[in-house]
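This is the structure I want to talk about, given as structure tokens.
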Amino acid sequence: MTQSSATPVILWLRQDLRLSDQAALVAAVESGHPVLPVYVLDDAAAGDYAVMGAGRWWLHHSLSAFDASLRAKGSRLILRKGNSADVLAQLAAETGAVAVHATRHYEPWHKAAEQAVAARMKLNVHEGAVLYPPALVRSKTDSRYRMFTPWWKALLQHMPPPKPLAAPQAIPAPTLWPDSDVLDDWSLLPRNPDWAASFGEYWQPGEEAAKQRLRDFLPHIDAYNEDRNFPGKVMGVSRLSPHLHFGEISPALIWHVAAREAGEGAAPYLREVGWRDFGINMIDQSPDYGWVDGRAARGAFPWRRPDQDEAAARDLKAWQRGMTGYPIIDAGMRELWATGYVHNRIRMLVASFLVKHLLIDWRCGERWFWDTLVDADYGNNSVGWQWIAGTGFESNPFGRIMAPLGQSEKFDCGAYIRLWVPELADLRDPYIHDPEEFGVRPKAYPRKIIGHMAARTRAMAASSQLQKN
DNA sequence: TCGCCATTCTG
DNA sequence: AGAATGGCG
């Protein structure tokens with residue numbers, strides 16, 4: 001016993017930076033061995049989907065918070081960089097560790113890494129990143145779903161999720177800690193310029209902050225179904241997405257807390273939490289969903305290519321910078337830049353604008369979001385863009401073009417615009433939604449880069465051209 | 001196979 | 001009021 005208990009087990013962490021409700025952690029502790037928690041930064045494996053800009057800011061603070069939580073339990077976080085399987089094998093060789101515990105993830109690069117690790121050592125994979133394992137949600141004919149509603153009905157048959165596991169009282173430490181990289185040396189935080197300077201005003205990464213945000217949101221959960229449509233309502237949504245992405249809080253914990261506090265009133269909110277599982281369900285079935293059209297077009301769609309067409313490049317830049325001349329679009333893109341987040345309704349509007357008004361390939365938008373969102377998540381991002389672009393298995397038809405100006409008014413976005421577009425701060429409703437229409441020309445605010453009707457006509461023409469092919 | 005129905009709407 | 005396309009039972 002003394003001999004074997006001195007042999008450590010590795011707790012391999014990825015997007016699971018929490019102590020509560022983590023089966024892998026509980027199993028590692030219950031094994032009776034000292035536990036070596038290690039986070040491996042493996043950018044090469046993820047390739048284009050490595051944690052990028054805004055996500056790296058979050059990751060830095062989340063790792064720091066998680067290390068502090070571990071230390072309060074008598075443990076600590078080892079940081080290593082490189083190929084996951086190589087790093088873990090090396091760590092095992094250094095410490096004599098014989099087994100690895102980890103939480104299962106469904107991104108293709110995570111699945112590949114799990115296989116590579118399992119080929120070289122004893123890997124115990126635990127569920128916990130999802131409400132329910134996606135492969136086990138089956139239709140009557142035993143097939144898997146690509147449409148949300150039937151999938152959701154089937155998933156509900158398996159709900160509630162397992163009861164959340166408590167954080168261990170203490171985490172047994174090895175007698176000798178292996179070397180760890182120094183977090184600051186990873187240079188995850190931006191500098192020169194520090195474009196994330198204001199992020200701290202909006203976010204506090206880490207498990208404790210995630211739980212606090214959930215507690216703060218609970219009194220508003222009954223109003224969610226209505227208020228979530230209004231980007232100006234600060235407590236209309238929970239803003240838990242980045243915490244969920246990095247695994248600082250589990251979806252099962254959210255489910256149980258929300259259901260306990262709000263009963264049936266939690267249902268609309270939990271359905272939206274369910275969209276995260278649905279995204280995972282999609283990328284699990286179609287690992288290339290982030291860049292390959294789900295429904296292949298009947299010929300190449302005539303996207304305007306920013307890499308080949310100067311006008312398209314200018315339009316893409318105007319969109320990225322929030323200088324399109326559409327107040328609601330510009331407010332959203334500037335909120336994204338300043339906070340690493342955008343309200344979901346605005347995500348739909350800006351995405352639709354890029355794809356349909358500007359006719360720019362949805363993958364350009366997917367890339368921009370991947371770089372700028374603190375909650376950039378492969379499943380969510382891919383499903384969202386494919387839905388808006390009309391390329392997804394289940395998606396909005398291309399011909400359905402959202403009217404940004406109408407939506408801005410309908411969802412009362414005046415205050416939201418005044419907050420993010422200071423050039424328009426003096427304008428009242430209804431002028432704020434479409435100043436050009438009212439003949440108002442605020443200083444330094446651009447004209448619309450394309451008129452709504454002109455864009456609509458162009459998009460419909462491009463789309464019908466495709467039908468003929 | 002065939003009919004039903006689809007996340008967040010438009011003019 | 002309308003409307004078209006594909007997943008699902």
Side-chain angles (χ1 to χ4, degrees), chain A residues 134 137-157 223-233 236-238 241 267-282 285-286 289 293-299 301 326 328-329 332 342-353 355-357 379-413 416 433-434 437 451-460 462-469:
Chain A
V137 183
R138 324 287 306 192
S139 74
K140 295 228 164 64
T141 56
D142 202 36
S143 64
R144 290 182 61 178
Y145 296 97
R146 298 180 198 276
M147 197 181 263
F148 179 79
T149 301
W151 169 86
W152 179 242
K153 284 184 183 153
L155 182 104
L156 281 177
Q157 303 302 308
Y224 177 77
N225 213 22
E226 172 69 10
D227 287 358
R228 73 193 184 93
N229 289 310
F230 296 86
K233 298 201 175 182
V237 295
S238 68
S241 52
Y269 176 69
L270 292 176
R271 185 183 159 99
E272 298 303 309
V273 174
W275 272 88
R276 175 178 168 280
D277 261 55
F278 182 70
I280 292 168
N281 168 61
M282 290 305 294
Q285 291 183 73
S286 304
Y289 208 49
D293 289 353
R295 262 186 300 157
R298 277 177 279 267
F301 190 88
Y326 284 72
I328 188 62
I329 302 297
V342 203
H343 187 281
N344 190 46
R345 172 157 298 280
I346 311 294
R347 287 189 202 200
M348 288 193 293
L349 290 177
V350 301
S352 174
F353 189 86
V355 169
K356 293 172 185 177
H357 285 69
N380 285 335
N381 207 33
S382 308
V383 166
W385 278 99
Q386 294 238 28
W387 193 84
I388 276 294
T391 55
F393 285 98
E394 174 201 32
S395 61
N396 201 9
F398 190 89
R400 178 176 284 183
I401 293 162
M402 293 182 105
L405 303 169
Q407 292 249 316
S408 179
E409 214 162 349
K410 181 174 175 188
F411 296 106
D412 198 21
C413 296
Y416 176 80
H433 303 290
D434 189 1
E437 176 68 16
H452 179 60
M453 275 314 166
R456 213 188 134 70
T457 310
R458 182 172 71 174
M460 295 308 258
S463 157
S464 64
Q465 187 134 23
L466 191 64
Q467 306 289 322
K468 282 183 215 145
N469 289 349

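Numbers restart at 1 for each chain; the letters A, B, ... are given by sequence-line order, proteins then strands.
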Does some side-chain heavy atom of Ser241(A) sit less than 4.5 Å from a side-chain heavy atom of Arg276(A)? no

Check the distance between dT8(B)'s P and Glu226(A)'s CD and give it to me in whole angstrom.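 Taking atom P of dT8(B) as the reference, CD of Glu226(A) is at 16 Å.
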
For atom CZ of Phe393(A) and atom P of dC8(C), their distance in whole Å: 10 Å

Do any side-chain nitrogens or oxygens of Arg456(A) fall under 4.0 Å of OP1 or OP2 in dG11(B)?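 Indeed, a polar side-chain atom of Arg456(A) lies that close.
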
Hey, mind stepping through Ile401(A) and Met460(A) against side-chain contact (heavy atoms from CB on, under 4.5 Å) and telling me if it holds? CA-CA 9 Å; Ile401(A) 293 162; Met460(A) 295 308 258; 3.9 Å; yes

Looking at every strand, decide which applies to Pro397(A) at a 4.0 Å heavy-atom threshold: base, sugar-phosphate, or nothing.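 No contact.
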
CA sep, side-chain torsions, deciding dist, call: Phe278(A), Trp152(A), ring pair (Phe, Tyr, Trp, His ring centres under 6.0 Å): CA-CA 8 Å; Phe278(A) 182 70; Trp152(A) 179 242; 9.9 Å; no

Who is the Watson-Crick or G-U wobble partner of dA1(C), with both distances under 3.5 Å?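 By the stated definition (distances under 3.5 Å), dT10(B) pairs with dA1(C).
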
I need the CZ-C1' distance between Arg228(A) and dT8(B), as an integer number of Å.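 The distance from CZ of Arg228(A) to C1' of dT8(B) comes to 6 Å, rounded to the nearest Å.
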
Whole angstrom value for the distance that separates P of dC8(C) from OH of Tyr145(A):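 About 8 Å, once rounded to whole Å.
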
Please give, in whole Å, the distance from dT5(C) P to Met147(A) CE? 14 Å

What is the distance from CH2 of Trp151(A) to C1' of dA6(B), rounded to the nearest Å? 16 Å

Would you mind classifying the nucleic acid contact of Asn229(A) as base, sugar-phosphate or nothing, using non-hydrogen atoms under 4.0 angstrom? nothing

Minimum-distance nucleotide to Ala403(A) side chain [options: dG9(C), dG11(B), dT8(B)]: dG11(B)

Separation of atom NZ in Lys140(A) from atom C1' in dG7(C), rounded to whole Å: 15 Å

Where the side chain of Arg295(A) is defined as all heavy atoms beyond and including C-beta, which of dG11(B), dG9(C), dT5(C) is the nearest nucleotide? dT5(C)

dC9(B) versus dG6(C) - spacing of their P atoms, nearest Å: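 Approximately 22 Å lies between the P atom of dC9(B) and that of dG6(C).
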
Counting any heavy atom closer than 4.0 Å, what does Gln407(A) reach on the DNA or RNA strands: base, sugar-phosphate only, or nothing? sugar-phosphate

Rounded to the nearest 0.5 Å, what's the gap from CZ on Phe411(A) to CZ on Arg228(A)? Could you check? 9.5 Å

Assign Met402(A) to base, sugar-phosphate, or nothing according to its heavy-atom contacts below 4.0 angstrom with the strands shown. sugar-phosphate

Tell which nucleotide pairs with dC8(C), taking only Watson-Crick or G-U wobble pairs whose two distances are both under 3.5 angstrom.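 In the structure as shown, dC8(C) has dG3(B) as its Watson-Crick or wobble partner.
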
Could you go through the ring pair (Phe, Tyr, Trp, His ring centres under 6.0 Å) check for Phe301(A) and Phe398(A) one step at a time? CA-CA 11 Å; Phe301(A) 190 88; Phe398(A) 190 89; 4.8 Å; yes

If I take atom CG in residue Asn396(A) and atom P in nucleotide dA3(C), what distance separates them, rounded to the nearest angstrom?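 Going from CG in Asn396(A) over to P in dA3(C) covers 17 Å.
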
